[in-house]
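Take a look at the structure set out below.
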Protein chains: 2
Amino acid sequence: MMLFSELKDSDIDHILKPINNLRYAENALLYSQGDQENKVYSIRKGYIKLIQTQSNGSLRIVRLLGPGALFGIEALLDKPHRHTAISLQELDVCRINTATLKQLEREKPWLNDKILSHWEQHLSTADRWISELSSGSVRSRSLKLLTYLKEVETDRNGIETNTVRFFSHEDMASILGTSRETFSRTVSELKDKGILIQTNDKHIYQFSLPIE
Amino acid sequence: MMLFSELKDSDIDHILKPINNLRYAENALLYSQGDQENKVYSIRKGYIKLIQTQSNGSLRIVRLLGPGALFGIEALLDKPHRHTAISLQELDVCRINTATLKQLEREKPWLNDKILSHWEQHLSTADRWISELSSGSVRSRSLKLLTYLKEVETDRNGIETNTVRFFSHEDMASILGTSRETFSRTVSELKDKGILIQTNDKHIYQFSLPIE
DNA sequence: CGACGATTTGACAATGATCAAGATGTGTGG
DNA sequence: CCACACATCTTGATCATTGTCAAATCGTCG
């Protein structure tokens, strides 16, 4: 899915270069909800969260994105960003002006389909967020989240792992739309029942699922 | 947003015609999650719901779509349908084979952008579903849902109305991810407080919001 | 009218939020 | 390398919200 991996340098050389490779520290702000910057981002390394803020001030993480993901794509339709984007780790992204990307699209029509499938990827994830991570008890949602993170971990290193890397409880809770405390209790319960086993690296858990 | 409204008959005449205008009764099944039919739909009249079923059997309505909406678009990427689509009222849709639509896109490139903005529309609604309709107490979510339906009502007839048409409580509850009973109680509470007033048509409520 | 489905209400149990306190981890500077 | 300060996570206690089961009411349609 990496967007530009199939482009040769020669494909890009002639373009006036508003393509930047950027590195952000953990917890850096890439853009804020409402910003209109006409740039889209592609992740090379690291993870980010997309947060949506309501008028009353409450926050919710609506997406978690890792290597290969394309985000900020609403800019392609000249819309302001619908989310606030924040890095979860040291992050390398490639940032490109929408004008440039559109020019590239005209020259390489296959890029078009590629972007479309990123869009569909977002939509499919969003639907999953609704039906799996926002429906039912915190317990079942937590399990869904863990399997989701396991998948992420799995296709991150190609192999079927059986481990989950936790983000902060604060973030995990905000993904599920619950409180830190309730999430913590749920994890404790799963540990007690032997479904989760903490490894040396405190942020990594091992899974002994029969899932669900 | 109506997809084909700008096409003349002459634009379409030369095409082998796998475009159908279909009418469905209330509560009709258009397609089921998992079906692969390579067709997309555009709504002329009426509303539908998109439902996602989890492996454990639980259901959640993830989208509500009305006149002008384009749905089933995952078919454009040759994917099976991610949802089950069911009409909420008597429904008129236009159904078109993806092959045909792709051909039209090649001939009329502006169609491309139009489809893209439908995609973005879905994504934006999905994000709202997560942050507004799936976060917080049932009370606040219910209010968000009512304002959402008011908006729908409003741009349905162009005028700023102050009324909401209810779907069945079962459906409203499934939009919010709560139980019929809890939703019913919430509505009762809003009626008691004078925020909602039932009209002669029992399905239509009047709103005396300070929304917030 | 009568029957069926939808909605409302009640009672109770289960789940989750919140506030507070303690424990554990992490990073920094000495 | 240790010690302290700060952040994060855990746990407890309590209260509010929500789910569930059951019964009653309302509405609609034949």
Side-chain angles (χ1 to χ4, degrees), chain A residues 25-27 49 54 56-61 86 88-90 133-146 164-193 195-205, chain B residues 25-27 49 54 56-61 86 88-90 133-146 164-193 195-205:
Chain A
E26 182 174 334
N27 240 300
K49 55 182 170 182
Q54 291 191 249
N56 65 30
S58 64
L59 303 179
R60 175 102 189 242
I61 296 178
I86 295 180
L88 289 170
Q89 317 168 341
E90 190 181 74
L133 304 183
S134 306
S135 307
S137 68
V138 172
R139 188 173 191 288
S140 67
R141 284 186 275 152
S142 299
L143 283 168
K144 293 283 184 186
L145 174 57
L146 297 183
V164 190
R165 170 177 296 281
F166 273 39
F167 295 104
S168 77
H169 282 202
E170 173 97 45
D171 282 342
M172 308 271 279
S174 171
I175 290 171
L176 295 174
T178 187
S179 66
R180 293 184 296 264
E181 293 94 327
T182 301
F183 179 71
S184 177
R185 281 183 238 273
T186 306
V187 173
S188 297
E189 184 199 332
L190 294 177
K191 282 200 285 188
D192 288 351
K193 293 194 178 167
I195 297 174
L196 278 182
I197 302 161
Q198 211 165 13
T199 64
N200 312 350
D201 181 338
K202 300 293 184 196
H203 293 164
I204 298 186
Y205 285 76
Chain B
E26 183 174 333
N27 241 299
K49 55 182 171 183
Q54 291 191 249
N56 64 32
S58 64
L59 304 178
R60 175 101 189 242
I61 296 178
I86 294 179
L88 289 169
Q89 314 167 343
E90 190 182 76
L133 304 183
S134 307
S135 307
S137 67
V138 172
R139 187 174 191 286
S140 67
R141 284 185 274 152
S142 299
L143 282 168
K144 294 282 183 186
L145 173 57
L146 297 184
V164 189
R165 171 177 296 281
F166 273 40
F167 296 104
S168 77
H169 282 203
E170 173 98 43
D171 282 342
M172 308 272 278
S174 170
I175 290 171
L176 295 174
T178 187
S179 66
R180 292 184 295 261
E181 293 94 329
T182 300
F183 179 71
S184 176
R185 279 182 237 274
T186 306
V187 172
S188 297
E189 184 199 333
L190 294 177
K191 281 200 283 187
D192 288 350
K193 294 194 178 167
I195 297 175
L196 278 182
I197 302 160
Q198 211 166 12
T199 64
N200 312 351
D201 181 337
K202 300 293 184 194
H203 293 164
I204 298 186
Y205 284 77

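Residue numbering restarts at 1 for every chain, and letters A, B, ... go by the order of the sequence lines. All figures in this text were calculated on a predicted structure; none of them were measured in a lab. The figures here come from the full heavy-atom set of this structure, side chains too, leaving out hydrogens, waters and symmetry mates.
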What are the two closest non-hydrogen atoms of [X] and [Y], and how far apart are they?
| X | Y | answer |
| --- | --- | --- |
| A:S135 | A:S140 | O-OG, 4.3 Å |
| B:S174 | B:L59 | OG-O, 4.2 Å |
| A:L145 | A:M172 | CD2-O, 4.0 Å |
| A:S134 | B:R60 | O-NH1, 2.9 Å |
| A:K191 | A:Y205 | CD-CE2, 3.8 Å |

Between [N] ([atom2]) and [X] ([atom1]): distance, integer Å:
| X | N | atom1 | atom2 | result |
| --- | --- | --- | --- | --- |
| B:H169 | C:dG5 | NE2 | P | 18 Å |
| B:E26 | C:dG5 | CD | P | 15 Å |
| B:K202 | C:dT7 | NZ | P | 13 Å |
| A:N200 | C:dG25 | CG | C1' | 15 Å |
| B:Q198 | C:dT7 | CD | P | 11 Å |

Given side chains that start at C-beta, do those of B:F167 and B:I61 come closer than 4.5 Å, heavy atoms only?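 In short, these two side chains do not touch, never coming nearer than 4.5 Å.
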
Side-chain touch B:L146/B:I195, heavy atoms, less than 4.5 angstrom: no

Would you please say whether a donor-acceptor pair under 3.5 Å links the side chains of A:T199 and A:D201?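 Note: A:T199 and A:D201 side chains miss the donor-acceptor criterion.
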
Backbone N/O of A:G136 and side chain of A:R141: donor-acceptor pair under 3.5 Å: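 Indeed, once roles are kept as given, a pair shorter than 3.5 Å links the two residues.
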
Who passes side chain to side chain contact (heavy atoms under 4.5 Å, CB included) against B:T178, sequence neighbours left out? B:V138, B:A173, B:L176, B:T182, B:F183

Assign a letter to each nucleotide of nucleotides 15-21 of chain C from its 5' end: B, base within under 4.0 Å of a protein heavy atom; S, sugar-phosphate only; -, no contact. -SSBB--

What's the separation between atom CD1 in A:I86 and atom NZ in A:K49, rounded to the nearest 0.5 Å?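 One finds 5.0 Å between CD1 of A:I86 and NZ of A:K49.
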
For residues 173-183 of chain B, the salt bridge (Lys or Arg N to Asp or Glu O under 4.0 Å) pairs (sequence neighbours left out) are B:E170-B:R180

So which protein N/O to nucleotides 12-14 of chain C N/O distances come out below 3.5 Å?
none

May I ask you to decide whether A:K193 forms a salt bridge with A:E189, counting only side-chain N to carboxylate O separations under 4.0 Å? yes

Hey, where on DNA chain D does chain B first and last touch, going 5' to 3'? Cut-off is any atom under 4.0 Å from a heavy atom. D:dT18 to D:dG27

Enter the inter-axis angle for the ends of the helix from C:dC1-D:dG30 to C:dA21-D:dT10 (five pairs per end, rounded to 10°).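 If I round to tens, the end axes sit 40° apart.
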
